[in-house]
Amino acid sequence: MKLKGSEIVCESLLREGVDVVFGYPGGAILPFYDALWAYPQLRHILVRHEQAAAHAADGYSRVTGKVGVCVATSGPGATNLVTGIMGAKADSVPMVAITGQVARSSLGSEAFQECDICSIAASTTKKTYMVMSAADLADTVREAFYIAQEGRPGPVLIDIPRDVQLELAEAEFPEVTAPKTPEVSEEAMERLKEAARLINEAERPLIISGHGVMTSGATKELLSLAERSGIPVITTLLGLGSFPGGHPLSMGMLGMHGMYWSNLSVDQADLIVGVGMRFDDRVTGKVDTFAPHARIIHMDIDATQIGRNVPVEVPVVGDAKALLHQLAPMVTNTPRPEWMQFIENLKQNHPSLSIPSSDVLQAQQVLSALDIVFQEDPETTVVTGVGQHQMWAAQFLSFNHENTFISSGGLGAMGFEIPAALGAQVGKPTAPVWSVAGDGGFQMTNQELMTLAEEKLPVKIALINNGYLGMVRQWQEMYFENHLKAVPIRGPDFVMLAESYGVSAVRVTEQEDVLPALRQAQAHDGPFLIEFVVDSTTNVYPMVPPGGSLADTIEDPVVTTNTVT
């Protein structure tokens, strides 16, 4: 049977288990949109900007474990996807982006909206394809989905000229096979034995868990390793949720704005076991001073990441789930009372979750109250933007379940919060989804409020409005002689803006109104925005200064325990 290229794409998507695509139509992708008429099984969600399509596919993928799919036309449609595609690559999120292209006869002529998106996206993807024949589409889509999920996951882009979408070809579809979990090699087994020996001999060991633990589905195996060995677990920003935040061995997040006790413990550890994480600069601080007393075991599926940033004594390449399954039975629970007491003393003497005592509403009070609501439903997912609010969310919210904290980590893309929450809500339609947004990033993609309203997606938005690009202001205040340049940022009346899109909204300025507003939003049947007008001068602590080591972590000058109850 012969099908048009656009129909072959739709058939291929269905065979891959795709049930939703996020996109925005245009001339070069119109044949695909025409084909969608015959495929009601493919739900299409019309975003208001192509960047949002990629972020939404990202959020959808993270909560479902499936490949997110986004679609755009040629030229500016395709280039607008690039930020979201790069974010998926940085955070190892499987995604397939499909773009239209000008007809084959027009390639190289600088035709209207012609753009060599494959060259542009080459460094932001695992692979790109320009498909020059409809007969190649089925195999290309199959290969793209395989590559997106194989090894370290990431995005793949397929560019399809308009006439290829219209071209008839014999429809022959390859068998759909998911990438197999790599078996633990003999070399990896030998290194796991060495890792177990170091773990059993260590006096001051720590585990650092990253996003890769959740990507591989290894949270149970990590819990088993920690409990069998008695080793405390620290997480990276994107590793939040990979280990239960309420567990006695949980130490929370480390790094630039991590817990003081986590950073100082890493500085004094004699063994670090890194699992599914990259030892990036936000984790290590000054690289040559990271964990100066520690031997390092690094387990990761991507061999290029091992030893890339810090020296590693025991490199173990493989899937985290398989590796941890093999490692756990090899370790013993060795009592380490002095080490555990050292960590406990750090927690008692250096409380990191401090809130400034003030009559003005503090962002930390909002997040502390949100945690109360958050803990009432274990399925609740939080999606943040990038900036101060992101760090406060990571600090004050307790994540006890995997894939309940979604954030742009590696790329740090402002504007991520609303479209990614949109995608997460589509992926988890019965679960509460909260977007914690900053007033700066919110203004980059707030048009997606219309998408939330149109699709009746009940995302709740906690908008932290301090009237500044807060993290930039903090750096200018602390390290640029308080030269506050281009950081005050005016916004519209956010409540009126939300209501104009058909989204219910309220404004909160007083501490006593925080929790009632959060409960009002949670109970509302539909999207709801709360604008929290907070102190514009509060800084995020703890903080590793620029160029500093984890041992240089700065504590809040004023430590209190004033929280919302």
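In this chain, numbering begins with 1 at the start of the sequence shown.
Between Gln364 and Leu353 the shortest side-chain heavy-atom distance does not fall below 4.5 Å. At least one side-chain heavy atom of Leu206 sits less than 4.5 Å from a side-chain heavy atom of Ser265. Considering only heavy atoms from C-beta on, Thr430 stays 4.5 Å or farther from Glu379 through its side chain. At a threshold of 4.5 Å between non-hydrogen side-chain atoms, the residues Phe528 and Gln520 count as touching. Contact of the Asp513 side chain with the Leu361 side chain is not registered, since no non-hydrogen atoms from C-beta on lie closer than 4.5 Å. Between Gln305 and Met277 the shortest side-chain heavy-atom distance does not fall below 4.5 Å. Here the side chains of Phe279 and Phe290 are in contact, with some heavy-atom distance below 4.5 Å. Val383 is not listed as a side-chain neighbour of Gln425, based on a closest heavy-atom distance of 4.5 Å or more.
A distance of 11.5 Å separates CG in Leu367 from CD1 in Ile372, rounded to the nearest 0.5 Å. Interatomic distance, CD of Gln365 versus CD1 of Ile355, reported as 5.5 Å (0.5 Å rounding). Expressed to the nearest 0.5 Å, how far CE of Met478 lies from CG of Asn539 amounts to 6.0 Å. Residue Asp267 holds its CG atom at 12.5 Å from OG of Ser262, rounded to the nearest 0.5 Å. The CE atom of Met253 sits 11.0 Å away from the CD1 atom of Ile234 when rounded to the nearest 0.5 Å. Between the OG1 atom of Thr219 and the CG atom of Leu324 there is a distance of 10.0 Å, given to the nearest 0.5 Å.
Side-chain polar atoms of Asp439 and Gln443 form no donor-acceptor pair below 3.5 angstrom. Between Gln268 and Trp339, the side chains place no donor N or O within less than 3.5 Å of an acceptor N or O (distance only, hydrogens not considered). Between the side chains of Ser242 and Thr235, no donor-acceptor pair of N or O atoms lies under 3.5 Å. Side-chain N/O atoms of His257 and Gln390 include no donor and acceptor closer than 3.5 Å.
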Between Leu452 and Leu422, does the side chain to side chain contact (heavy atoms under 4.5 Å, CB included) criterion hold? Intermediate values first, please.
CA-CA 7 Å; Leu452 294 178; Leu422 183 161; 3.9 Å; yes
Evaluation steps, salt bridge (charged side-chain N to carboxylate O under 4.0 Å, His left out), between Asp91 and Arg62:
CA-CA 10 Å; Asp91 291 343; Arg62 295 203 209 193; 3.0 Å; yes
Can you list the steps and then say if Glu227 with His247 is a side chain to side chain donor-acceptor pair (under 3.5 Å)?
CA-CA 10 Å; Glu227 291 182 339; His247 194 282; 2.8 Å; yes
Show, in sequence, the C-alpha distance, side-chain angles and deciding distance for Asp58 and Ser61, and conclude whether the side chain to side chain donor-acceptor pair (under 3.5 Å) test is met.
CA-CA 5 Å; Asp58 184 323; Ser61 176; over 6 Å; no
Side chain to side chain donor-acceptor pair (under 3.5 Å), that's the test. Do His49 and Gln447 meet it? Break it down for me.
CA-CA 8 Å; His49 190 286; Gln447 72 278 350; 5.2 Å; no
Worked verdict on Gln388 versus Asn466 for side chain to side chain donor-acceptor pair (under 3.5 Å)
CA-CA 10 Å; Gln388 289 181 316; Asn466 63 4; 3.2 Å; yes
Please assess Val540 against Gln395 for the test side chain to side chain contact (heavy atoms under 4.5 Å, CB included), listing each intermediate value before the final yes or no.
CA-CA 10 Å; Val540 180; Gln395 292 175 345; 4.0 Å; yes
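Between the side chain of Gln362 and the main chain of Val360, a donor-acceptor pair closer than 3.5 Å is present. Between the side chain of Asn400 and the main chain of Gly245, a donor-acceptor pair closer than 3.5 Å is present. With Ser435 contributing its side chain and Ile461 its backbone, the two residues share no donor-acceptor pair below 3.5 Å. For the pair Lys460 (side chain) and Gly526 (backbone), a donor-acceptor distance under 3.5 Å is present. No donor-acceptor pair closer than 3.5 Å links the side chain of Asn345 to the backbone N or O of Phe342. A distance-only check finds no donor-acceptor pair linking the side chain of Ser352 to the backbone of Met259 [under 3.5 Å]. A side-chain donor-acceptor contact under 3.5 Å links Asn80 to the backbone of Pro76. Panel note: side chain His389, backbone Ala363; no donor-acceptor pair is recorded below 3.5 Å. For Asp270 (side chain) and Ala202 (main-chain N/O), no donor-acceptor pair under 3.5 Å exists by modelled atom type. Of the possible donor and acceptor atoms, one in the side chain of Gln476 sits under 3.5 Å from a partner among the backbone N and O of Lys485.
Of all non-hydrogen atoms in Ala505 and Glu499, the two that sit nearest each other are O-OE2, 3.8 Å. Minimum interatomic distance between Ser229 and Arg336 (heavy atoms only, all atoms of both residues): O-NH1, 3.0 Å. Closest of all the heavy-atom pairs between Arg473 and Val487 is N-CG1, 3.9 Å. Ser407 and Thr384 make their closest contact through OG-OG1, 2.6 Å (heavy atoms, listed as atom of the first residue, atom of the second, distance). Nearest heavy atom pair, residue Met95 against residue Ala54, reads CE-O, 3.2 Å. Minimum interatomic distance between Phe442 and Leu529 (heavy atoms only, all atoms of both residues): CZ-CD1, 3.6 Å.
The local environment of NZ in Lys286 is sparse, with at most 12 non-hydrogen atoms from other residues, nucleotides or ligands closer than 6.0 Å. The neighbour count for Glu203 CD, taken as heavy atoms of other residues, nucleotides or ligands under 6.0 Å away, does not exceed 12. The number of heavy-atom neighbours closer than 6.0 Å to CZ of Phe480, taken from other residues, nucleotides and ligands shown, is 12 or below. Residue Arg282 qualifies as open at atom CZ: its count of foreign heavy atoms under 6.0 Å is 12 or below. Around the CD atom of Glu512, the shell of radius 6.0 Å holds more than 12 heavy atoms that belong to other residues, nucleotides or ligands. Residue Asp525 places its CG atom among 12 or fewer non-hydrogen atoms of other residues, nucleotides or ligands, all under 6.0 Å distant. Other residues, nucleotides and ligands contribute at most 12 non-hydrogen atoms within 6.0 Å of the CG atom of Asp359.
Taking the six-membered ring where the residue is Trp, the centroids of Phe396 and Trp392 are separated by 6.0 Å or more. Ring centroids of Tyr541 and Tyr260 are separated by 6.0 Å or more, keeping the two rings apart.
Tested against Asp302, the residues Arg152, Arg278, Arg308 include a single salt bridge (Lys or Arg N to Asp or Glu O under 4.0 Å) partner, Arg152.
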